[in-house]
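Below you'll find the structure, written out as structure tokens, and then a few comments.
Note that this is a predicted model, so its numbers are computed, not measured.
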Amino acid sequence: MIGYRTPLLPPLDLSVRSGTTLGVLGPNGAGKTALLKSMLGLLPLLGGRLVFPMGRPPRVGYVPQRDRLDQSWPLSVLDVVLMGRTSLLGPLRRFGARDRQRAREALDEIGMGELADRPLYALSGGQHQRVLIARAIAAEPELLVLDEPTSAMDPAAERVLLELVERLKRAHNLSVVLVTHQLTAVAGFATEVALVDRARGLFEVGPAREMMTTDRLGRLYGREVHVAEIDGQIAVVIGPPVHPERGGAGPSERRPSEEA
Amino acid sequence: MSGFAEFWAGRELWREPLLAGVLAAALLSYLGVFVVLRRMVFVSAALSEISGVGVATAFYVGSVAGIDPHTHGAIPLLLEPVWFSLVFACAAAALFSLRPGHRKLAAETIVGLGYIVASALVLAILNSPRIAQEAHAVGDILFGNAVTVPRAQILALAAAGAAAIVTHALFFKELLFVSYDPETAMVQGVSVLRYELLLNVIVAVAISVATRAVGALPVFAFTVVPAAAALMLTENLRATLPLSIAFGIVSAALGYYLSWIEQLPTGATMVVVASVFLLPGVARLAKRNTV
């Protein structure tokens, strides 16, 4: 059971299986962040418990929402990526040559090796997002968690970033949790999808192809949804509200996700 | 006699106050980089006032207990204003580390409330008839005067500086991580509360000790101005920190010298000199914005 003081969603059972990508999809304000924080242990559960098959919490590489971070700090790209090594190194020890090498390797993997010494403020939004992914990889994670990684990105940049995540997932044998309100970020990349909307008390989880359907997405957004497969990829079109007589009240008032 | 010769001739008088000013400036200018970057500038002002409440409370409790502060050795150790000041400041620092906040009251509002309530309490206690006779002495302890500084305060400043250096040498990467991105630090198992508490307590101790040595205004200024000036000129923390310390030290030393030869208020002159260091950064930003 998750929530801040009162339950946000119905009682839920959610697992992240090894080597899979779980997409957590829902409109703005649906409770995705609360779900994510509960999974990461940052928000105490109102009921139930977290189970770790390995007997310990996994090492997590976390990519926060970029706009929550202050890009004006006098830090270089390498400084930020090195932060990912902090918990691996433990207190009382300074970053050494090995940590710097790992951080540079993480930057090389995301194609930003030559920008290691560039100041943070000089990066574009997309580059900043990649640096945060490199920091997560530098933490040598078993689970990579990304919170709205493609918000404010154009479709091409979004695609490039998600392909990068997919490549990193394979290269490092990662499990991935991708929290987003953007359908395009989930369609084609997530192997499993959780649909979340606290306004409707909705929580459903299952294989991506079973979840990305007209019925389920229609329920999630309160709108007509058309789902099609084009060249092996799922495309989703959001239409008008299912219940126009409600006059835009409630969830249908939300900004709809864009077409995919 | 030239201005400098006159100043040099009086070195027995200014040696310790100048040393105190320079030590306070160096310490606060270093910590100030974190204070400014963490957007907690007002926390330093609130901590200064809250440590003042501790001092005023110590005198008030002493007067209730019938202790004459003018009698040598009359104040029991537990009622020393220094301890009260430190305890109050550290308690407030601990409270601020808990990131108090509410949907309707942001954390900064709560810090502001702390500042307002503390300022009012200091005024109320200082004007209480019970300690009216000691008001001047209390004022000196509260706000310092940067002209006469007892050796004990210099030692306290040096000890606070040493504690800050050791803490930052041991935990710099953790302090940086939790300051820049507390959410990710927490996810990766770094104890945000522990390191924020550590940083805030060091800032509280530094502010509490420095306020008594050089006064409230220079302390607030040294915590903000050199760091802001350095941040406007640099893009690398390794350059920002020493530059901020250098600005602070020069502000304290040059400010003291100018106040001596021009017979100006010492603390205020230090602040004016520190403010001059903002100009290159402002010019740089203006140039960048016009390009």
Which heavy-atom pair separates B:Ala169 from A:Arg94 by the least distance, and what is that distance? O-NE, 4.1 Å
Do A:Pro74 and B:Asn236 touch side chain to side chain, with heavy atoms closer than 4.5 Å? no
B:Val187 vs A:Leu42 side-chain heavy atoms within contact, under 4.5 Å: yes
Cut-off 4.5 Å, heavy atoms of chain B, and the answer for A:Asp79 is side chain
Counting heavy-atom pairs closer than 4.5 Å to chain B, which one of A:Val63, A:Thr86, A:Leu40, A:Val60 comes out on top? A:Thr86
How long is the span from the CZ atom in B:Phe177 to the CG atom in A:Leu82, to the nearest 0.5 Å? 11.0 Å
What part of A:Leu92 gets closer than 4.5 Å to chain B, counting heavy atoms only: side chain, backbone, both or neither? both
Contact part of B:Leu231 toward chain A, heavy-atom cut-off under 4.5 Å: side chain, backbone, both or neither? side chain
If you draw a 6.0 Å radius around CZ in A:Arg68, do more than 12 non-hydrogen atoms from other residues or ligands fall strictly inside? yes
Please report the closest heavy-atom contact between A:Gly90 and B:Glu174, naming both atoms and the distance. O-OE2, 3.5 Å
Heavy-atom cut-off 4.5 Å, strictly under: side chain, backbone, both or neither for A:Leu69 against chain B? side chain
Shortest non-hydrogen contact from A:Pro64 to B:Glu183? CB-OE1, 3.7 Å
Under a 4.5 Å cutoff for heavy-atom pairs, which residue among B:Leu37, B:Val33, B:Thr234 has the most contacts with chain A? B:Leu37
Contact part of A:Arg59 toward chain B, heavy-atom cut-off under 4.5 Å: side chain, backbone, both or neither? neither
Please flag which part of B:Tyr180 lies under 4.5 Å from any non-hydrogen atom of chain A: side chain, backbone, both or neither. both
Residue B:Tyr195 versus chain A: region with a heavy atom under 4.5 Å: side chain
Under a 4.5 Å heavy-atom cut-off, does chain B meet the side chain of A:Leu120, its backbone, both or neither? side chain
Best-contacting candidate, A:Pro119, A:Pro91, A:Ala122, against chain B by heavy atom pairs under 4.5 angstrom: A:Pro91
Within this structure, what is the CH2-CZ distance for the pair A:Trp73 and B:Arg38, rounded to the nearest 0.5 Å? 7.5 Å
Could you look at B:Thr240 and say if it's the side chain, the backbone, both or neither that has a heavy atom under 4.5 Å from chain A? side chain
Between atom CG of A:Asp70 and atom CG of B:Asp181, what is the distance when rounded to the nearest 0.5 Å? 11.0 Å
Among B:Val190, B:Thr184, B:Leu176, which residue has the highest count of heavy-atom pairs closer than 4.5 Å to chain A? B:Thr184
A quick test of your reading: do over 12 heavy atoms of other residues, nucleotides or ligands sit less than 6.0 Å from CZ of B:Arg238? no
Which heavy atom of B:Lys173 sits nearest a heavy atom of A:Leu89, and at what distance? CE-CD2, 3.7 Å
